[in-house]
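Remarks on the structure that follows.
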Number of protein chains: 2
Amino acid sequence: MQKSREDRQAAAPEYHVDRQVGFFLRQANQRHVAIFANAIGDKLTTTQWSALSKLKEIQPCSQNQLGRETAMDVATIKGVVDRLVKRGFVATAPDRNDGRRVVLSLTEDGLAVIAVNVGAAVSATEETLAPLTSGERMMFLELLQKIC
Amino acid sequence: MQKSREDRQAAAPEYHVDRQVGFFLRQANQRHVAIFANAIGDKLTTTQWSALSKLKEIQPCSQNQLGRETAMDVATIKGVVDRLVKRGFVATAPDRNDGRRVVLSLTEDGLAVIAVNVGAAVSATEETLAPLTSGERMMFLELLQKIC
DNA sequence: TGATACTCATTCGCATACAAACGAAAAAAT
DNA sequence: ATTTTTTCGTTTGTATGCGAATGAGTATCA
């Protein structure tokens with residue numbers, strides 16, 4: 001049997017994009033974002049939800065700090081916060097000690113929108129992991145964390 | 001010991017964004033994108049690389065078909081293809097049989113840039129999975145595919 | 001044949017995402 | 001006390017990513 005031209009010399013394994021981690025990571029993320037958008041009623045994105053939820057834990061805090069806690073770039077977190085402020089979920093105030101800082105906190109509407117949507121967020125997580133068994137989920141989350 | 005106000009009634013487990021799949025998926029994807037950008041010399045993004053690699057496999061094909069094969073929206077694949085055309089990696093031609101279609105194919109530069117960078121792409125995959133053992137990688141990829 | 005449905009490509013609006021550069025302010029080092 | 005470095009917020013530019021709408025071409029079926 002004739003060997004293919006590829007195999008004759010170096011026997012280099014063929015490269016297939018659709019078998020690489022990056023390809024799957026992008027798709028898995030896309031799927032989750034879609035599921036989340038569908039589950040949530042208030043038109044909140046996954047990043048906005050991350051910012052809101054984290055802010056609830058650590059408020060009051062500066063904009064950049066919130067960005068670091070949610071793994072967002074300074075330019076990214078600014079856009080996210082701007083939109084949340086515009087919608088009245090987040091309030092800003094100048095810091096007395098530091099002239100550069102903008103202190104962020106949740107408004108009542110912000111707290112309310114979190115309370116209303118936690119259930120949907122949990123459901124979104126659930127639906128994303130639905131193809132996996134309970135044991136697989138534990139394993140998957142563990143491995144996923146390792147490559148973050 | 002006093003029970004917290006939360007636990008007293010419903011015993012609802014606390015919600016932490018930074019323990020949800022979505023949070024990790026976004027971060028893992030970000031990390032891989034950064035690794036890839038760093039490994040590749042020709043300023044190709046992960047999506048551009050996907051489009052190029054897939055096009056090499058299935059060319060000639062229409063723009064929408066390439067989008068489907070690479071899991072990209074019609075609007076997204078258009079932008080990606082536009083940039084690849086502008087850089088001379090992809091050529092377009094009208095389809096004789098179908099007046100709507102635009103037939104895509106790789107140029108010589110396109111083939112060359114793939115050949116030059118396959119090694120870097122493989123390295124990027126390798127580096128992304130570096131925190132995992134060989135066995136863990138197999139397991140991880142299997143589970144990751146299931147939630148795509 | 002003619003109406004209907006589908007497909008393809010394009011465009012608009014919105015929301016990440018990051019690099020890079022900037023001025024202002026604070027902290028650390030000398 | 002002055003210099004250096006770091007941090008904070010902002011803006012610009014480039015590149016995804018999706019929903020929705022549009023127009024043009026094709027296919028289907030009554």
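Below, chains carry the letters A, B, ... as their sequence lines are ordered, and counting in each starts from 1.
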Check your understanding: C:dT7 base to B:Arg100 side chain: any donor-acceptor pair below 3.5 Å?
Key ->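 Side chain to base: pair found, below 3.5 Å.
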Answer yes or no: does a side-chain N or O of [X] lie under 4.0 Å from OP1 or OP2 of [N]?
X        : N      : result
A:Arg101 : C:dA24 : no
B:Thr76  : D:dT16 : no
A:Thr45  : C:dT16 : yes
A:Gln30  : D:dT16 : no
A:Gln65  : D:dT7  : no
A:Arg68  : D:dC8  : yes

Practice item. Could you tell me whether A:Asp82 and A:Lys86 have a side-chain N and a carboxylate O separated by less than 4.0 Å? Key: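 Salt bridge flag = no for A:Lys86 with A:Asp82.
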Practice item. Could you tell me whether A:Arg137 and A:Glu142 make a salt bridge, using a distance below 4.0 angstrom between a side-chain N and a carboxylate O? Key: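 No, this pair does not count.
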Within this structure, what is the [atom1]-to-[atom2] distance between [X] and [N], rounded to whole angstrom?
X        : N      : atom1 : atom2 : value
B:Asp73  : C:dC8  : CG    : C1'   : 13 Å
A:Leu104 : D:dC8  : CG    : C1'   : 12 Å
A:Gln27  : D:dG17 : CD    : C1'   : 13 Å
B:Lys43  : D:dT14 : NZ    : C1'   : 10 Å
B:Asn97  : D:dT26 : CG    : P     : 9 Å
B:Leu25  : D:dG17 : CG    : C1'   : 16 Å

Name the closest nucleotide to the [X] side chain, picking from [options].
X       : options                : result
A:Asn64 : D:dC8, C:dT16, C:dA17  : D:dC8
A:Thr47 : D:dT6, C:dT10, C:dA17  : C:dA17
A:Lys78 : D:dT11, D:dG9, C:dA17  : D:dT11
B:Arg26 : C:dA17, D:dG17, D:dT10 : C:dA17
A:Arg83 : C:dA26, C:dT16, D:dG9  : C:dT16
A:Ala75 : D:dG9, C:dT11, D:dT12  : D:dT12

Exercise for review: Tell me yes or no: between the side chains of B:His32 and B:Glu127, is some donor less than 3.5 Å from an acceptor?
Suggested key: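 No donor-acceptor contact under 3.5 Å links the two side chains.
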Exercise for review: Look at all strands and tell whether B:Ser62 reaches a base, only sugar-phosphate, or nothing, counting heavy atoms closer than 4.0 Å.
Suggested key: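 B:Ser62: backbone/sugar contact only, no base atoms under 4.0 Å.
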Exercise for review: Using a heavy-atom cut-off of under 4.0 Å over every strand shown, decide if A:Val33 touches base, sugar-phosphate, or nothing.
Suggested key: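 Counting heavy atoms under 4.0 Å across all strands, no contact is made by A:Val33.
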